[in-house]
Amino acid sequence: MAEDPDVVSRQTEDADVASRRADDPDVVSRRLARESLDRDDATGWFENLYAAAADGEAVVPWDRGTAHQLLVDWIDEAQPDGTGKTAVVVGAGTGWDAELVADRGYDTTAFDISPSAIETARRNHPGSRAHYLVADLLNPPADWHQAFDLVVEIYTVQALPRPLQPTAIHQVTTLVAPGGTLLVIAAAAPDTTSPTAAPSTHAEAQSDAVSDEAQGPPWPLSRATIQSFSTPDLHLIQLDRTPSPTILRWRAEYLRD
């Protein structure tokens, strides 16, 4: 008995969709993250992803081959002069953001928890003025405490499960030197808080998690979470919520007394 051509066509289309989905970088990264989280290892998937990408077996979804556009825009607007100053790029990945910061004259440290990411960054940028290091944001070197005039955090906190985000945020803020600047770029969660609401504590920001917990990474940051980067001496001085083709993004700038 001959197969129904319509059934065969639908089966072929379904197989094509499943194949494309299996190769989708976001799907692959979420699968690796879920496998790591199931082992109670919240950060191990970064190395698994970068190692697979180095072997040509995966694509890092956020590796744009250039600096993030919102960082480029901030550099163009602020025109920072890094001469005689230090900078650190958190979760630097393959180094494109760090290269832009270093080009502004900063003595730039760029770190990632993934050795494969750092190896790729060094390979991508031979002769770079940036210092590429393996380090863990959740347990940074003690001598980095308030050591950097510019701290750039792009997409690292949102790549961590919500229970870890307050710790990660605290560690980011401890890197900012007196008089220094912190720039945070992140996906924005649906905004359910008034723009004039008072900044929340880390605990309140954690409890403000959106309902898509199981869908991450990423776990986009709410307004309360963005405000929780502020401390008594680290002030939020500008907050922009910028549309993109698929999601809203925060660009937040903080200044330490």
Side-chain angles (χ1 to χ4, degrees), residues 25-26 29 46 49 59-82 85-106 108-112 117 121 124-125 128 130 132 137 148-160 165 168-169 171-173 175-176 180-191 193 195 199 205 210 216-230 234-256:
D26 290 321
S29 65
F46 294 111
L49 178 59
V59 175
V60 179
W62 54 85
D63 189 354
R64 302 165 298 276
T66 186
H68 194 289
Q69 186 58 50
L70 292 183
L71 174 61
V72 174
D73 293 345
W74 181 80
I75 292 284
D76 288 344
E77 295 165 14
Q79 290 293 307
D81 181 3
K85 297 180 180 179
T86 57
V88 64
V89 178
V90 177
T94 55
W96 301 102
D97 298 324
E99 292 302 307
L100 178 60
V101 172
D103 285 346
R104 295 299 304 181
Y106 289 94
T108 302
T109 297
F111 75 93
D112 202 283
N124 283 348
H125 311 289
S128 173
Y132 290 102
L137 172 61
F148 300 98
D149 300 299
L150 174 64
V151 176
V152 177
E153 150 50 11
I154 302 177
Y155 290 178
T156 309
V157 171
Q158 72 176 39
L160 295 170
Q165 287 183 2
I169 289 168
Q171 295 294 6
V172 169
T173 65
L175 301 172
V176 187
T181 295
L182 166 63
L183 182 71
V184 176
I185 294 170
D191 193 359
T193 304
V210 296
W219 290 274
L221 306 190
S222 67
R223 183 179 294 272
T225 305
I226 281 290
Q227 290 174 327
S228 73
F229 281 86
S230 297
L234 183 64
H235 309 287
L236 177 61
I237 62 172
Q238 183 170 353
L239 178 61
D240 299 316
R241 198 166 59 141
T242 304
S244 76
T246 57
I247 195 170
L248 293 171
R249 288 185 170 84
W250 298 115
R251 192 186 80 180
E253 183 178 351
Y254 308 78
L255 183 67
R256 170 150 277 150

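The basis for the numbers below is simple: all heavy atoms, side chains too, and nothing from hydrogens, waters or symmetry mates.
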(message) If we count only N and O atoms by modelled type, under 3.5 Å, do the side chains of Thr225 and Ser222 hold a donor and an acceptor together?
(response)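 Their side chains do contain a donor-acceptor pair, which is all the 3.5 Å distance test asks for.
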(message) For a quick check under 3.5 Å, do Trp74 and Glu253 share a side-chain donor-acceptor pair by atom type?
(response)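 Yes, Glu253 and Trp74 have a side-chain donor paired with an acceptor closer than 3.5 Å.
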Do [X] and [Y] come within less than 4.5 Å of each other through their side chains, counting heavy atoms only?
X	Y	result
Leu221	Phe229	yes
Val90	Phe111	yes
Val152	Val101	yes

Hey, what do you get for [atom1] ([X]) to [atom2] ([Y]), rounding to the nearest 0.5 Å?
X	Y	atom1	atom2	value
Arg251	Leu71	CZ	CG	9.0 Å
Tyr254	Ile237	OH	CD1	10.5 Å
Arg249	Ile154	CZ	CD1	11.0 Å
Ile75	Asp103	CD1	CG	9.5 Å
Asp63	Asn124	CG	CG	7.5 Å
Gln69	Thr242	CD	OG1	10.5 Å

Kindly give the heavy-atom pair with the smallest separation between [X] and [Y], and that separation in Å.
X	Y	value
Ala110	Ala98	CB-CB, 3.6 Å
Ala168	Val157	CB-CG2, 4.1 Å
Asp112	Gly91	OD2-C, 3.3 Å
Ala252	Leu236	CB-CD1, 4.0 Å
Pro218	Pro220	O-CD, 3.4 Å

Within the side chain of [X], is there an N or O that forms a donor-acceptor pair under 3.5 Å with the backbone of [Y]?
X	Y	result
Trp250	Ile226	no
Asp97	His68	yes
Arg256	Leu182	no
Arg104	Pro80	yes
Glu153	Thr156	yes
Thr86	Asp149	yes

(request) Could you walk me through whether Leu160 and Trp219 pass side chain to side chain contact (heavy atoms under 4.5 Å, CB included), step by step? (result) CA-CA 7 Å; Leu160 295 170; Trp219 290 274; 5.7 Å; no
(request) Output all residues satisfying side chain to side chain donor-acceptor pair (under 3.5 Å) with Glu99, sequence neighbours left out; order by chain, then residue number. (result)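 Side chain to side chain donor-acceptor pair (under 3.5 Å) check on Glu99 returns Ser128, Tyr132.
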(request) Could you list the residues that satisfy salt bridge (Lys or Arg N to Asp or Glu O under 4.0 Å) with Asp73, not counting sequence neighbours? (result)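 With neighbours one apart ignored, the set is empty.
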(message) Checking Trp96 against His125 for the ring pair (Phe, Tyr, Trp, His ring centres under 6.0 Å) test, could you report, in this order, the C-alpha distance in whole Å, the side-chain angles of both residues, the deciding distance, and whether it holds?
(response) CA-CA 9 Å; Trp96 301 102; His125 311 289; 4.6 Å; yes
